[in-house]
Amino acid sequence: LVIPVVSLAFATGGALENMQEEIIALVPVLLILVRRMGFTPLTAVAMSAGAAFVGSAFSPINPFQVQIAQKLAEVPLLSGWAYRIVFLALALALWIGATMRHARRTRVPPEAAAAGAVEEPMTGRDRAIFAAVAATFGVLVYGLMRLGWDFDHLSALFFVMGVAVGLFGGLGVGGTAEAYVKGFRDMAYAAVLIGFARAIFVVLDQGRVVDTIVHGMFTPVADLPVALSALGMMVAHGLVHVPVPSVSGQAVLTMPVLVPLSDLLGLSRQVTILAYHYGAGLMDLITPTNGALMAILAAGGVDYQAWLRFAARWYAALMALGAVAVVLAIAIGLQ
């Protein structure tokens with residue numbers, strides 16, 4: 001029950017606001033949870049980052065993917081939402097099933113039980129810490145949804161939460177500072193990975209290399225039949241997402257090229273958006289230039305090769321599901 005509930009919670013975050021970097025701060029909590037249940041760290045990544053990425057890729061309302069693409073394509077915002085929800089449900093069922101299958105196959109005796117740990121009653125300090133964490137996430141949701149908060153605001157919020165939890169936990173000022181330094185040291189590698197991944201895109205963008213890549217990827221699809229053109233767009237979007245790991249940036253780069261092309265081909269703009277949405281969004285599951293993914297893997301102590309062995313087959317299955325959605329949308333004339 002834990003895996004579906006946690007996965008759906010993160011998938012909701014992905015569907016609503018393209019949750020990625022926000023997951024990094026939650027990895028230590030998830031690791032405690034999965035270890036007490038006997039699951040591996042890879043399971044924690046799959047039911048958090050993996051579920052969030054799938055939710056983002058199939059979301060009917062994601063403002064950073066579907067809404068920005070619809071705005072650029074000049075189609076009504078949130079149009080086609082019912083069609084997208086059907087495939088969102090199928091995609092999440094597939095991913096959650098894959099996560100539960102992996103969890104069952106790799107489960108070991110829980111650490112707490114193996115160590116003979118005894119459950120202790122919750123103290124006043126425990127309640128204060130729980131209240132501080134719960135309040136933090138309440139403020140987080142309000143800030144994201146109502147105040148348009150960015151990463152600077154989220155960083156400040158989690159910093160305040162960390163200080164409050166340290167003080168409530170009885171560490172004192174000195175102990176809280178030492179715990180903060182230790183935690184920062186553990187997360188420094190993840191921060192470097194995010195900066196490195198971002199630097200790749202900056203170099204390609206400022207060097208005008210990205211425009212050449214986009215042109216080279218999408219020009220061949222113009223000579224294909226309509227259905228194959230749409231599927232070719234999906235594949236091309238996935239390849240473009242490696243050097244352009246920002247889904248919103250990719251929409252800005254590709255939609256002005258693909259919308260006139262789709263009009264010439266007689267392809268619905270809604271289908272063109274679906275091809276972008278699935279092709280670019282799902283690539284976040286496996287591309288090493290996704291700084292958030294690499295940071296989450298680093299924070300969880302999961303090797304990228306191990307993650308790729310798990311995620312690659314399900315990425316292929318989800319792409320096949322997306323291809324079915326695109327072809328069916330053409331068949332029913334989705335507008």
Side-chain angles (χ1 to χ4, degrees), residues 14-21 52-81 83-84 87-88 91 148 150-151 197-198 200-202 204-206 208-219 221-222 229-265 267-287 289-293 318-319 322-323 325-326 329 334-335:
L16 292 177
E17 56 97 17
N18 203 55
M19 174 184 277
Q20 290 201 6
E21 286 84 355
F53 295 163
V54 173
S56 299
F58 284 86
S59 169
I61 58 174
N62 185 345
F64 297 98
Q65 292 190 37
V66 64
Q67 289 194 38
I68 191 172
Q70 287 180 331
K71 184 176 181 181
L72 291 167
E74 298 180 347
V75 301
L77 291 181
L78 304 183
S79 57
W81 64 269
Y83 185 82
R84 287 181 171 85
F87 285 93
L88 171 63
D150 206 341
F151 293 119
R198 177 63 182 171
I200 294 174
F201 173 68
V202 170
L204 294 176
D205 183 44
Q206 296 299 316
R208 299 293 185 268
V209 178
V210 171
D211 295 332
T212 303
I213 293 174
V214 170
H215 181 271
M217 290 291 185
F218 289 103
T219 298
V221 304
S229 293
L231 297 179
M233 287 180 185
M234 271 189 65
V235 175
H237 274 298
L239 296 174
V240 169
H241 198 62
V242 176
V244 187
S246 166
V247 286
S248 57
Q250 184 167 339
V252 172
L253 281 170
T254 59
M255 283 299 111
V257 176
L258 292 179
V259 168
L261 176 62
S262 63
D263 290 344
L264 290 173
L265 293 172
L267 186 64
S268 166
R269 294 186 178 188
Q270 200 71 255
V271 174
T272 302
I273 295 168
L274 285 176
Y276 148 74
H277 201 193
Y278 300 148
L282 288 173
M283 182 56 74
D284 275 334
L285 282 169
I286 60 173
T287 178
T289 55
N290 181 357
L293 171 64
L318 290 167
M319 280 290 284
V326 167
L334 182 67
Q335 297 295 329

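Everything quoted here is computed from the prediction, not taken from an experiment.
Across all non-hydrogen atoms, the minimal contact from F87 to F58 is O-CD2, 3.7 Å. Shown here for A57 and G281, the closest heavy-atom pair between the two residues is CB-C, 3.7 Å. Closest of all the heavy-atom pairs between A275 and A230 is CB-O, 3.7 Å. Nearest heavy atom pair, residue P245 against residue D284, reads O-OD1, 4.1 Å. Contact between G14 and S56 at its shortest, heavy atoms only, is O-OG, 2.9 Å. Residues A15 and I61 approach most closely at O-CG1, 3.7 Å, considering heavy atoms.
Screening N62, L78, I273 for a side-chain contact (heavy atoms from CB on, under 4.5 Å) with Q67, the sole residue that qualifies is L78.
Side-chain contact between T272 and L267 is present, with heavy atoms from C-beta onward closer than 4.5 Å. Side-chain contact check for L88 versus P60: some heavy-atom pair is nearer than 4.5 Å. The shortest distance between side-chain heavy atoms of L285 and L318 falls below 4.5 Å.
Taking E17 as the reference, M19, E22, L144 meet the side chain to side chain contact (heavy atoms under 4.5 Å, CB included) condition, with sequence neighbours excluded. Remark: L261 pairs with V221, A222, M233, L258, L265 by the side chain to side chain contact (heavy atoms under 4.5 Å, CB included) rule, at least two apart or across chains. The side-chain hydrogen bond (donor to acceptor under 3.5 Å, both in side chains) test applied to Q270 returns Q70, S79, R84, not counting sequence neighbours. Residues that satisfy the side-chain hydrogen bond (donor to acceptor under 3.5 Å, both in side chains) test with T287, not counting sequence neighbours, are T289. Applying the side-chain hydrogen bond (donor to acceptor under 3.5 Å, both in side chains) test to S229 and every residue at least two apart in sequence or in another chain returns nothing. Judged as a ring pair (Phe, Tyr, Trp, His ring centres under 6.0 Å), and not counting sequence neighbours, F64 has no contacts. Remark: I286 engages M283, L308, A311, Y315 in a side chain to side chain contact (heavy atoms under 4.5 Å, CB included) (not counting sequence neighbours). Remark: A52 engages F10, I23 in a side chain to side chain contact (heavy atoms under 4.5 Å, CB included) (not counting sequence neighbours). With sequence neighbours excluded, no residue forms a ring pair (Phe, Tyr, Trp, His ring centres under 6.0 Å) with F53.
Considering CD1 of I68 and CG of N18, their distance stands at 10.5 Å, rounded to 0.5 Å.
Listed by first then second residue, pairs satisfying salt bridge (charged side-chain N to carboxylate O under 4.0 Å, His left out) with a partner in residues 52-80 read E74-R269, not counting sequence neighbours. Sorted by first then second residue, the salt bridge (charged side-chain N to carboxylate O under 4.0 Å, His left out) pairs that include residues 270-280, not counting sequence neighbours, number zero. Every pair passing ring pair (Phe, Tyr, Trp, His ring centres under 6.0 Å) that includes a residue from residues 237-258 is listed here, sequence neighbours excluded: F218-H237, H237-Y276.
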Given side chain to side chain contact (heavy atoms under 4.5 Å, CB included), test T254 with V244 step by step and report yes or no. CA-CA 11 Å; T254 59; V244 187; over 6 Å; no
Side chain to side chain contact (heavy atoms under 4.5 Å, CB included) assessment of W81 paired with V66: CA-CA 10 Å; W81 64 269; V66 64; over 6 Å; no
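Remark: side-chain polar atoms of Y83 are paired, donor with acceptor, to backbone N or O of A325 under 3.5 angstrom.
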